[in-house]
Amino acid sequence: MNVPETFFSVNEELVLFGMSCLMGIALGVLYDVFRTARVMIPHRSWMVFAEDSAFLVFYGIALSAFASAASRGELRFYFVIGNAAGFALYIATVGSVVIRTMKKLCYFVKKTIWVVLFPLRTFYVFISKKAAVKFVGCSKVIVNTIKKIRILLLKRRHLLYNKEESRMKGNVTKSAEKVKTRKKRSV
């Protein structure tokens with residue numbers, strides 16, 4: 001009977017640990033893509049959380065694929081330690097250089113764009129000031145018209161629009177006054 005091998009030799013475990021360190025370096029390169037995007041475009045905290053969560057999901061998938069391909073599907077704790085060691089080694093050495101370089105490059109690109117677009121900005125400010133004067137003048141005419149309409153409406157708010165009703169209201173008030181005067185005379 002042929003029994004499959006259920007353990008790794010020390011040499012095989014060292015090779016697997018080295019491969020997991022290399023995988024950690026590759027994950028560090030992938031994480032640098034996220035960090036570079038954060039340098040180029042400022043992120044809010046929920047976006048950073050979403051990116052880090054996506055990275056952790058990818059890491060879990062990559063770790064299980066590594067275990068399946070390299071060690072017959074057996075997940076060992078030293079795989080995680082090797083990944084962490086390779087990741088930390090990359091971030092502390094090459095990753096810090098990459099991020100510093102990307103920060104300087106982004107600063108240079110922003111300054112270059114600002115210098116190139118500065119004449120356009122001054123032209124835009126000049127045009128917008130001229131247009132604002134024109135539009136503010138138009139809006140003042142509209143606002144003054146609305147104010148005049150409001151004043152007219154306030155002056156006429158006591159008018160009744162139904163002539164029949166106003167006549168009846170006038171009759172009622174006249175008859176009420178007659179009754180009051182009769183009572184005064186009789187007293």
Check the hydrophobic clustering (I, L, V, M, F, W, Y; side-chain heavy atoms under 4.5 Å; chains of links allowed) and say if Val80 and Tyr78 are grouped together.
-> yes
Grab the two heavy atoms, one from Gly95 and one from Arg35, that are nearest each other, plus how far apart they are.
-> O-NH2, 3.1 Å
Validation row: Phe66, Leu75 side chains within 4.5 angstrom (heavy atoms) | no
Atom CE in Met19, atom CG in Asn83: separation rounded to 0.5 Å?
-> 11.0 Å
d(Glu51 CD, Ser53 OG) to nearest 0.5 Å is 10.0 Å
When rounded to the nearest 0.5 Å, the distance separating NZ of Lys110 from CE of Met40 is 9.0 Å
Separation of Leu27 CG from Leu22 CG (nearest 0.5 Å) | 11.0 Å
Out of curiosity, does Val29 fall in the hydrophobic cluster containing Tyr31 (side-chain heavy atoms, cut-off under 4.5 Å, transitive links)?
-> yes
Is it true that Ile25 and Val94 fall in one hydrophobic cluster, defined by side-chain heavy atoms closer than 4.5 Å?
-> yes
Measure across Ile91 and Gly28 and return the closest heavy-atom pair with its distance rounded to 0.1 Å.
-> CD1-O, 4.3 Å
With the side chain counted from C-beta on, respond yes when Asp32 and Met102 share a heavy-atom pair under 4.5 Å apart, and no when they do not.
-> no
Note, Arg76 side chain near Phe17 side chain (heavy atom, < 4.5 Å) | no
Would a hydrophobic clustering, with Ile, Leu, Val, Met, Phe, Trp and Tyr connected at side-chain separations under 4.5 Å, put Phe77 with Phe79?
-> yes
Identify the two heavy atoms, one from Thr93 and one from Leu89, that lie closest to each other, and give their separation to 0.1 Å.
-> OG1-O, 2.7 Å
In Å and rounded to the nearest 0.5 Å, what is the CD to CG distance from Glu12 to Leu14?
-> 10.5 Å
Ile99 to Val39 - nearest heavy-atom pair and separation | CG2-CG2, 4.4 Å
Specify the closest pair of heavy atoms between Gly82 and Ser20, including all atoms of both residues, with the distance to one decimal.
-> CA-OG, 3.4 Å
Would Leu30 and Ile41 show up in the same hydrophobic cluster when neighbours are defined by side-chain heavy atoms closer than 4.5 Å?
-> yes
Hey, what do you get for OH (Tyr124) to CG (Leu117), rounding to the nearest 0.5 Å?
-> 13.5 Å
So do the side chains of Tyr59 and Leu63 get within less than 4.5 Å of each other, counting heavy atoms only?
-> yes
Aromatic rings Phe87 and Phe55: how do their planes relate, parallel, tilted or perpendicular, breaks at 30° and 60°?
-> tilted
When you look at CZ of Phe58, are more than 12 heavy atoms from neighbouring residues, nucleotides or ligands closer to it than 6.0 Å?
-> no
